[in-house]
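Report on one structure; see the data block that follows.
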Number of protein chains: 2
Amino acid sequence: MNDLAQLNSKPFSDPNVPKAVVSRLSLYLRELQQLLRVGIATISSSKLGRRLGVTGAQVRKDFAYFGQFGYPGIGYRCEELIVQIRKILGTDRTWPVALIGCGNLGQALLGYHGFSKQGFCVEVAFDVDPNIVGQTFEGLKVQHLDHLPQIIEQRSVKLAILAVPANAANKAVDELVKAGITGILNFAPVTLNVPKNISVVGVDLAMELEQLAFAVVKQVAK
Amino acid sequence: MNDLAQLNSKPFSDPNVPKAVVSRLSLYLRELQQLLRVGIATISSSKLGRRLGVTGAQVRKDFAYFGQFGYPGIGYRCEELIVQIRKILGTDRTWPVALIGCGNLGQALLGYHGFSKQGFCVEVAFDVDPNIVGQTFEGLKVQHLDHLPQIIEQRSVKLAILAVPANAANKAVDELVKAGITGILNFAPVTLNVPKNISVVGVDLAMELEQLAFAVVKQVAK
DNA sequence: TAGATTGTTAATCGATTAACAATC
DNA sequence: TAGATTGTTAATCGATTAACAATC
């Protein structure tokens with residue numbers, strides 16, 4: 001990337017960036033890291049797109065929201081582009097994450113270190129069940145939810161993974177918001193009520209399976 | 001719903017239905033079930049929309065792809081609409097699901113019975129690790145992946161949850177596709193290469209957290 | 001009946017794609 | 001240089017919203 005690109009790059013907080021673009025950015029990042037692992041240093045927009053089911057034009061347009069990262073006649077250098085995307089997403093640093101709910105799923109998430117490579121680290125874990133509070137999982141001692149405010153303020157935690165039962169979710173969310181959490185990854189199968197400055201990403205297993213069921217039925221109908 | 005609505009309802013396999021509509025259908029379904037639980041029998045498109053962050057017009061348009069389910073002047077009857085949406089999604093019956101990979105995450109998913117209410121039942125579980133094959137989790141004995149074809153054919157399993165390590169994902173997928181699986185819920189953080197008649201829904205924790213990080217950074221910048 | 005709300009059409013808005021001069 | 005590919009503009013496509021007659 002040349003110096004001009006740096007100077008011309010638009011502010012990363014451009015409010016006009018569509019959500020779909022940001023989510024593809026994550027997809028590009030994952031694929032570029034894969035490319036690097038298999039020893040590919042440079043890739044064109046159309047080749048990158050083909051791997052992910054999008055057009056080359058879209059790949060270029062997506063990056064163009066944030067600056068000029070490519071080389072005409074050559075393509076994109078994977079290593080450089082990875083650095084740029086991480087900077088855009090804000091994962092060029094490590095984010096401490098709070099885990100709320102250390103039951104079945106919560107414990108599995110603690111054991112899954114896949115996202116630590118991407119700049120996220122579950123540093124604190126909470127629950128309300130007296131049988132779980134005080135236990136240690138993956139070297140992390142579960143705290144009572146009552147201690148949330150002081151702990152996450154002290155560590156400036158902004159992100160939380162919510163893995164509590166559906167009927168406890170919205171009460172927990174109120175606590176999280178009051179404590180200063182601004183991004184929530186929600187595994188509870190309910191709509192969360194949050195102020196509009198709080199971001200929520202939901203993962204609902206049943207809903208994902210429903211999408212598949214529809215697609216499978218549609219396919220059979222053909 | 002009147003009889004005419006039945007007669008007029010478009011085929012559920014209408015290829016023109018956008019993906020976004022189908023995914024909102026799942027969201028409506030979840031919310032309607034919640035409404036029913038709290039004793040609300042009837043709801044207007046705008047009230048339902050407000051709860052989910054979409055407009056009333058969009059709610060009505062979404063349903064209009066599939067038929068006429070509402071009552072002018074009254075709204076929609078939750079119970080009826082639930083039945084209709086399940087019929088559309090194909091979850092008016094139970095789908096057997098195969099779980100591939102019974103490590104950390106796989107075991108947690110087995111323990112999470114949240115999606116069984118929605119018509120999905122993990123009936124068979126597979127792994128390749130000799131330390132895991134043969135063990136029983138939640139009353140389910142883990143089979144070796146080699147036995148996949150015969151077992152899923154015998155039970156006509158069409159859906160699989162893939163919870164294997166990233167480097168094993170694409171090899172496993174080849175087996176699944178060969179065996180006749182046509183819908184895959186992928187938890188491995190890699191792009192799956194599948195024929196175009198196979199549906200894949202991906203859940204990547206790192207990617208979801210990245211979306212939150214971006215949103216949080218953007219919000220702070222305001 | 002009057003009030004409320006649907007289903008649907010037309011208008012608007014936004015996102016994707018095609019095309020191509022500029023560049024390496 | 002010739003070939004390849006970018007960044008960007010204009011054209012296309014699709015999805016959302018506004019509006020309203022029909023209906024309960």
Side-chain angles (χ1 to χ4, degrees), chain A residues 1-10 14-25 27-28 32 35 40-78 80-81 84-85 88, chain B residues 1-10 14-25 27-28 32 35 40-78 80-81 84-85 88:
Chain A
M1 192 184 58
N2 55 39
D3 297 9
L4 243 149
Q6 277 291 13
L7 290 169
N8 286 345
S9 77
K10 290 151 202 164
D14 181 344
N16 299 326
V17 181
K19 272 232 185 69
V21 171
V22 183
S23 113
R24 281 194 298 267
L25 241 37
L27 205 60
Y28 300 146
L32 288 162
L35 288 170
I40 296 174
T42 281
I43 193 163
S44 70
S45 58
S46 24
K47 278 188 189 145
L48 178 57
R50 192 150 342 113
R51 289 174 149 259
L52 300 168
V54 301
T55 64
Q58 179 147 80
V59 172
R60 297 195 297 280
K61 193 101 203 291
D62 285 345
F63 293 141
Y65 277 98
F66 305 99
Q68 308 192 141
F69 306 131
Y71 300 87
I74 292 166
Y76 299 86
R77 301 210 204 288
C78 299
E80 267 181 30
L81 194 49
Q84 290 298 329
I85 297 178
I88 294 166
Chain B
M1 191 183 55
N2 53 38
D3 298 7
L4 243 149
Q6 276 292 13
L7 290 169
N8 286 344
S9 76
K10 292 153 200 165
D14 181 344
N16 300 326
V17 181
K19 272 231 186 73
V21 171
V22 183
S23 113
R24 281 194 298 268
L25 242 37
L27 205 60
Y28 300 145
L32 288 162
L35 287 170
I40 296 173
T42 281
I43 193 162
S44 70
S45 57
S46 24
K47 277 188 189 143
L48 179 56
R50 192 150 342 114
R51 289 175 149 259
L52 300 169
V54 302
T55 64
Q58 179 145 81
V59 172
R60 297 195 297 279
K61 194 96 202 289
D62 284 346
F63 292 141
Y65 278 97
F66 305 98
Q68 308 191 140
F69 306 131
Y71 300 86
I74 294 167
Y76 299 85
R77 300 213 206 287
C78 298
E80 267 180 31
L81 195 48
Q84 290 299 329
I85 298 178
I88 295 165

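Values in this document were obtained by computation on a predicted structure and should not be read as measured data. Chain naming here is simple, since letters A, B, ... match the order of the sequence lines and numbering starts at 1 in each.
- Heavy atoms of B:Ser45 sit under 4.0 angstrom from primed sugar atoms or phosphate atoms, though from no base atom.
- In this model, the phosphate group of C:dT23 is not approached by any side-chain N or O of A:Gln68 to a distance below 4.0 Å at OP1 or OP2.
- Taking side-chain N and O atoms only, A:Arg24 has a distance below 4.0 Å to OP1 or OP2 of C:dT16.
- Residue B:Gln58 has no polar side-chain atom (N or O) positioned under 4.0 Å from OP1 or OP2 of D:dA18.
- Closest approach to the A:Ile74 side chain among C:dT17, C:dG7, C:dC24 is made by C:dC24 (side chain taken as heavy atoms from C-beta onward).
- Within the 4.0 Å cut-off from OP1 or OP2 of D:dG7, not a single side-chain nitrogen or oxygen of A:Arg60 is found.
- In terms of phosphate contacts, B:Tyr76 brings a side-chain nitrogen or oxygen within less than 4.0 Å of OP1 or OP2 of C:dG7.
- Using a 4.0 Å heavy-atom criterion, one finds that A:Phe63 contacts no nucleic acid atom at all.
- The separation between A:Tyr65 atom OH and D:dG7 atom C1' is 14 Å, rounded to whole Å.
- Of the candidates D:dT17, C:dT5, C:dA15, the closest approach to any side-chain atom of B:Ser44 belongs to C:dT5.
- Closest-nucleotide positions on DNA chain C for B:Gly75 and B:Lys61 were compared, and the one nearer the 5' end corresponds to B:Gly75.
- In this structure, CZ of B:Arg50 is placed 13 Å from C1' of C:dT5, rounded to the nearest angstrom.
- Secondary structure note: stems in DNA chain C built from 3 or more consecutive Watson-Crick or G-U wobble pairs under 3.5 Å occupy C:3-24 with D:3-24.
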